[in-house]
K.L.:
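Take a look at the following structure, please.
Everything numeric here is computed off the predicted structure, so don't read it as measured data. Chain naming here is simple, since letters A, B, ... match the order of the sequence lines and numbering starts at 1 in each.
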2 protein chains.
Amino acid sequence: MEGRPTQNESDAAGSNYMHGLAIDAVIFGFHDNQLKVLLMQYKKSDIFALPGGFIHKEENLDDAAHRVVSERTGLKDIYLEQFYVFGDATRSDPSPMRTIMLANGIAPGNHHWLLQRFISVGYYALVDFTKVTPMPDRIFDGCNWYALADIPPLMQDHAQIIKKALASLRANLDNKLVAFNLMPEEFTMNDLQILYETILDKKLLRPAFQRKILSLGILERIAKKWTGGAHKAPYLYRFK
Amino acid sequence: MEGRPTQNESDAAGSNYMHGLAIDAVIFGFHDNQLKVLLMQYKKSDIFALPGGFIHKEENLDDAAHRVVSERTGLKDIYLEQFYVFGDATRSDPSPMRTIMLANGIAPGNHHWLLQRFISVGYYALVDFTKVTPMPDRIFDGCNWYALADIPPLMQDHAQIIKKALASLRANLDNKLVAFNLMPEEFTMNDLQILYETILDKKLLRPAFQRKILSLGILERIAKKWTGGAHKAPYLYRFK
DNA sequence: TTATTATTGTAACAGTTTATTACAATAATA
DNA sequence: TATTATTGTAATAAACTGTTACAATAATAA
């Protein structure tokens, strides 16, 4: 979203950043058979927002997106996809930002750049939930996973942004081989099927799914097997 | 692209526009069995560019894109798709813009906003070639169709932008029912097949193509028939 | 008027892919 | 050692796509 100067943020009134442009990141993880996204919370208030940030004056847009996601997750290699630009003139509501600035000792004139209109570039990230350490920034003190089913009310058009990100993810699922970024290193065919079913929100038939995935030739079957229930042990797979 | 103030452009040093943000439009048309795009030319020079423009301070991004395409084509209802944002830090080369500004009697300081870095939102438009009247703006005096096969060298990363637009169009061709925007009101099945073949750059088999298109149920067969060659007359179709 | 020619519309068949059913294999528990 | 739940995959059915074939017809030529 807009409204989260990180690092050398409020300094020099933001002269380091491009004005009027922001990045919003929809960071997807998969845990407990649920798709989740990382959300920021402002001091136990009901102000929730997507992780976001600004673009340094000499920084590539993609690099800025990587930086934003990296700072919130602690990850280095991140699967990122730019999916849409949100540019309605009325989408930026300055009031939460004003609250935040005041609380941080910045007395904003009404023409402060952070209170102006922002156009925001949406990126979604697919990460291995088990590898992430959610990290708040200096404005938002909460940074936590929320299942898509129980997302709290969000700032501005951030709910819309999540919706559009999910739609893009769905559309890409079959073309690009994207889902594996949401899995841990080793997983069973059933784990993967549940992930697909969760993203697509529909049941898939087991034999067809297995045949399709294996025919892609991108999985490596690990000799070792799983242990657990009262039944045949499934193979583990790894993405190659 | 960036670098084409239209209308009340250079006035007030561009205070009407958002700075650092531009729109580039790849306007596709279909004529003589070729895909073509509209390009702007600067006073018989070799400076060619995509049609583009800026976003008014209170204007929706999509509205700005419609305005830009409308001004160059004279069309009202335009099929537009936002397909990518180009945000590399080094993509903006200020020198052609400086040339243009000087020639227009604007003496740009080196920090003039038009010479700074721009991030550009790419839109592609699909239009009925026969309905378009290409219209230059006040900076570029040429506005003409160029077949994709013989595009002249373009400013900055505009060649890249066209390439990406075409890739997006191809990807959308089967999902969205997009191709009909490039056809005149009435057309034969063969016309449509040639369009598909041109966009996808591969031959299609006639019976399969006809079956697929008709099964979509979006075409209306017009009773009238075509006249011309020494063979059976094809039906005309209309998009419903 | 009647062939000839080029293309159209569509049927028929073949081949491939996807969906569904079925069942043996096996890991834990009773 | 039988039971149970789940896995891996074979077998079959259904749907879809690719290919061949051919009658219909609009203009031209004989």
K.L.:
Could you tell me the separation between the CG atom of A/Leu205 and the P atom of D/dG8, rounded to a whole number of Å?
P.N.:
16 Å
K.L.:
From the options C/dG9, C/dA6, C/dA19, select the nucleotide whose nearest atom is closest to the side chain of B/Met189.
P.N.:
C/dG9
K.L.:
Does C/dT29 have a Watson-Crick or wobble mate here (both distances under 3.5 Å), and if so which one?
P.N.:
D/dA2
K.L.:
Within the pair A/Gln210 and D/dT7, is there a side-chain N or O less than 4.0 Å away from OP1 or OP2?
P.N.:
no
K.L.:
Does the B/Arg67 side chain pair with the main chain of B/Phe54, one donor and one acceptor, at a distance under 3.5 Å?
P.N.:
yes
K.L.:
Rounded to whole angstroms, how far apart are OH on B/Tyr235 and P on C/dT10?
P.N.:
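The distance from OH of B/Tyr235 to P of C/dT10 comes to 6 Å, rounded to the nearest Å.
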K.L.:
Less than 3.5 Å between a donor and an acceptor, one on the side chain of B/Arg211 and one on the base of C/dA11, is that the case here?
P.N.:
no
K.L.:
Starting the side chain at C-beta, find the nucleotide from D/dT19, D/dT9, C/dA19 nearest to A/Ala208.
P.N.:
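Shortest atom-to-atom distance from the side chain points to C/dA19.
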K.L.:
May I ask you to establish whether A/Arg91 and A/Phe86 are in a cation-pi arrangement, using a distance under 6.0 Å from NZ or CZ to the six-membered ring centre and at most 45° from the ring axis?
P.N.:
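No.
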K.L.:
Looking at A/Ser92 and A/Phe118, would you say the former's side chain and the latter's main chain have a donor-acceptor pair under 3.5 Å?
P.N.:
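Yes; at least one donor-acceptor contact below 3.5 Å.
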K.L.:
Return the value, rounded to whole Å, for the distance between atom CD1 of A/Ile213 and atom P of C/dA19.
P.N.:
12 Å
K.L.:
Hey, does the side chain of B/Arg117 reach the backbone of A/Glu59 with a donor-acceptor pair shorter than 3.5 angstrom?
P.N.:
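Yes.
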K.L.:
Roughly, in whole Å, what's the span from CG in B/Asp191 to P in C/dT7?
P.N.:
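Rounding to the nearest Å, CG of B/Asp191 and P of C/dT7 are 14 Å apart.
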K.L.:
Can you tell me how far C1' of D/dT7 sits from NZ of A/Lys232, to the nearest Å?
P.N.:
5 Å
K.L.:
Determine whether any donor atom in the side chain of B/Arg221 lies under 3.5 Å from an acceptor atom in the base of C/dG9, or the reverse, and answer yes or no.
P.N.:
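Checked by distance alone, the answer is no.
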K.L.:
Taking the side chain from B/Glu197 and the backbone from B/Leu204, do they hold a donor-acceptor pair closer than 3.5 Å?
P.N.:
yes
K.L.:
Does a side-chain N or O from B/Asn190 land closer than 4.0 Å to OP1 or OP2 of C/dT8, or not?
P.N.:
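So the side-chain polar atoms of B/Asn190 do come within 4.0 Å of the phosphate oxygens OP1 or OP2 of C/dT8, strictly under.
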K.L.:
Nearest-Å distance, NZ (B/Lys212) to P (D/dG18)?
P.N.:
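To the nearest whole Å, that distance equals 8 Å.
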K.L.:
How many Å lie between NE2 on B/His231 and P on C/dA3, as a whole number?
P.N.:
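It works out to 22 Å between those atoms.
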